[in-house]
Number of protein chains: 2
Amino acid sequence: MSEPPLSPALGRFIGQMPFAMREAVEAAGTLIRYRNGATIQQRGDRKPGLSIVVEGAVRMSAMDSEGERSTYILMRPGDCFGEMTLFLDIPRTLDAVAVGETAIREVSRERFTRLLDAQPALRDHLLASLARQLSLSLEQLDDQRRLSATVRLAKTLVGLAEPDGEGHVARGSQTELAEAIATSRVTAGKALSELVQEGLVETAYRAVRIPHLGALKNWVAARSFLTPVIKRD
Amino acid sequence: MSEPPLSPALGRFIGQMPFAMREAVEAAGTLIRYRNGATIQQRGDRKPGLSIVVEGAVRMSAMDSEGERSTYILMRPGDCFGEMTLFLDIPRTLDAVAVGETAIREVSRERFTRLLDAQPALRDHLLASLARQLSLSLEQLDDQRRLSATVRLAKTLVGLAEPDGEGHVARGSQTELAEAIATSRVTAGKALSELVQEGLVETAYRAVRIPHLGALKNWVAARSFLTPVIKRD
DNA sequence: GCTCAAATGCTAACTTCTTTGCAGTTGGTT
DNA sequence: AACCAACTGCAAAGAAGTTAGCATTTGAGC
């Protein structure tokens with residue numbers, strides 16, 4: 001079966017770099033550690049620069065004036081965010097919160113600019129990274145427009161799945177899952193029980209067990225109407 | 001009043017280029033003309049390259065397997081699309097259809113690569129363009145998640161508005177407007193009549209008249225919960 | 001200036017999602 | 001070991017959006 005672009009993880013920025021470039025980027029950045037739940041950045045922060053996840057994970061989300069939060073993405077080690085603030089004079093667009101003990105490498109715009117001179121190939125790397133993020137973001141928009149809450153949830157679960165014993169798990173409360181697909185907790189709960197009915201997942205406390213990840217992937221693929229476009233490594 | 005990023009138009013690619021760069025890009029491309037309604041590209045086309053709108057307009061949209069079409073954006077002269085196919089090995093993501101007599105400048109990936117060597121500054125230009133598109137795409141996703149159909153429609157109307165006599169007009173059938181905000185025609189019609197009730201717009205045949213664009217912008221701004229982030233020229 | 005396909009405006013039944021509220025469960029903390 | 005805050009699961013009312021259908025209006029093309 002072909003691997004559809006299910007993971008919402010953008011980036012894969014560091015992973016595909018040649019060794020020397022990676023060294024240079026790492027040397028240019030400051031490593032900062034965050035506790036579980038700590039705020040890494042807030043929407044509106046004016047700190048142009050690139051942030052690379054080294055350890056742990058980062059939940060990118062936004063909250064509207066009515067206190068409704070919605071999550072956009074979970075960044076994993078090797079992913080990066082903030083590229084946009086390097087080239088545009090804009091503040092940070094999303095809130096970023098550490099999930100688990102997390103380490104972030106921060107490269108300021110100044111240092112990054114110098115880095116670009118030393119490593120011209122980095123520009124192309126960044127271009128590819130932005131292009132991929134744009135492509136994934138358009139796909140996400142598409143999903144939001146066309147797919148039912150249940151399919152969106154299933155797709156999100158595939159993206160969050162981690163190996164666990166025989167099968168996989170996606171960790172997070174139902175409220176968090178609801179935020180990830182931009183619905184209410186009730187709808188997320190219903191969607192989840194539909195997937196349980198189908199025998200695709202089992203619910204647990206702050207977790208969803210996925211006995212056969214492949215089956216879930218197939219189920220999602222059969223319901224994602226547009227042909228997937230990006231191949232994921 | 002501050003100018004919120006209401007226009008869904010991405011790009012502004014050519015407009016901000018230094019003259020020499022612009023000349024070089026134009027020299028590298030082939031100009032192709034399309035009739036109103038002609039297909040410029042289809043989702044899945046494998047033609048890596050950059051397409052720049054020179055004259056007319058282009059509607060970017062996608063259709064799912066059930067024949068439901070949704071429009072993503074209307075590209076105007078100076079905007080460009082296809083950047084992603086330059087750096088990623090992916091097919092074209094969206095269908096593109098000419099709106100009115102339209103001219104497109106196509107630059108193949110090969111020619112563009114050579115162009116990058118001759119005009120290194122073009123890379124930064126492209127980085128900024130991708131960054132802006134990503135930022136706008138994230139905003140669009142946000143709107144889709146949080147805003148009601150009525151506000152989304154109003155925002156779209158502001159983006160489509162063209163000067164017309166005293167005020168402005170947004171041209172397009174209600175079906176097309178519905179596709180632009182990803183709802184049914186009925187909902188689009190209801191949303192439209194709400195805006196009429198508010199005295200913000202007047203309906204017409206294949207057009208919506210906007211007597212006071214500023215008033216509509218204010219109305220939208222008051223209902224867009226997240227602080228706008230990108231300034232639009 | 002007539003014709004007709006396309007577009008608008010409306011209604012009604014139905015589905016989906018949200019909000020509110022509550023009862024029962026879970027697992028970290030004292 | 002007991003407590004309690006957080007989480008799950010469920011129900012009911014209502015809001016929002018969808019589909020289907022029909023009568024009327026519009027304007028482009030003959």
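Order of the sequence lines sets the chain letters (A, B, ...), proteins ahead of strands, with each chain counted from 1. Any value given below was found using the heavy atoms of this structure, including those in side chains, with hydrogens, waters and symmetry copies removed.
- From B/Leu177, atom CG reaches atom CG of B/Leu160 across 7.0 Å, with rounding to the nearest 0.5 Å.
- With contacts defined as side-chain heavy-atom distances shorter than 4.5 Å, the pair B/Ser135/B/Gln140 does not qualify.
- Nearest nucleotide to the side chain of B/Val186, out of D/dG17, C/dC10, C/dT19: C/dC10.
- The side chain of A/Thr183 sits closest to C/dT18 out of D/dA20, C/dT8, C/dT18.
- When distances run from any side-chain atom of B/Glu68 to the nucleotides C/dT18, D/dT19, D/dG17, the shortest one goes to D/dT19.
- Shortest non-hydrogen contact noted between A/Ser137 and B/Leu134 is CB-CD1, 3.9 Å.
- Here D/dT26 presents its P atom at 12 Å from CZ of B/Arg209, a figure rounded to the nearest Å.
- Computed from coordinates, the B/Glu179 CD to C/dA7 P distance equals 11 Å when rounded to whole Å.
- Distance CG/A/Leu147 to CD1/A/Ile181: 10.5 Å, rounded to 0.5 Å.
- Separating the CD atom of A/Glu194 from the P atom of C/dC17 is a distance of 9 Å, rounded to the nearest angstrom.
- Listed nucleotides: C/dC10, C/dT18, C/dA7. Nearest to the side chain of A/Lys190: C/dT18.
- Atoms CG (A/Leu192) and P (D/dC7) sit 15 Å apart, rounded to a whole Å.
- In this entry the distance linking CD of A/Glu176 with P of D/dT8 reads 9 Å, nearest Å.
- For B/Arg185 and D/dG17, a side-chain-to-base donor-acceptor distance below 3.5 Å is absent, hydrogens and geometry of angles not being considered.
- Regarding A/Ile181, its CD1 atom lies at a distance of 15 Å from the P atom of C/dT16, rounded to whole Å.
- Remark: P of C/dT26 and CD of A/Gln174 are 13 Å apart, rounded to the nearest angstrom.
- Within the structure, salt bridge (Lys or Arg N to Asp or Glu O under 4.0 Å) contacts touching residues 51-63 of chain B (residues at least two apart or in different chains) are B/Arg33-B/Glu55, B/Arg59-B/Glu176.
- Across all strands, A/Ser184 comes closer than 4.0 Å to base atoms (heavy-atom distances).
- Closest-nucleotide positions on DNA chain D for B/Thr150 and A/Thr203 were compared, and the one nearer the 5' end corresponds to A/Thr203.
- Rounding to whole angstrom units, CZ of residue B/Arg171 and P of D/dG27 are separated by 12 Å.
- Relative to the side chain of B/Tyr205, the nucleotides C/dT19, D/dC7, C/dA6 differ in distance, and C/dA6 lies closest.
- Heavy-atom distances to DNA chain C give each of A/Arg152 and B/Thr175 a nearest nucleotide, and the one nearer the 5′ end belongs to B/Thr175.
- Between B/Thr187 and the phosphate of D/dT18, there is a side-chain N or O to OP1/OP2 separation shorter than 4.0 Å.
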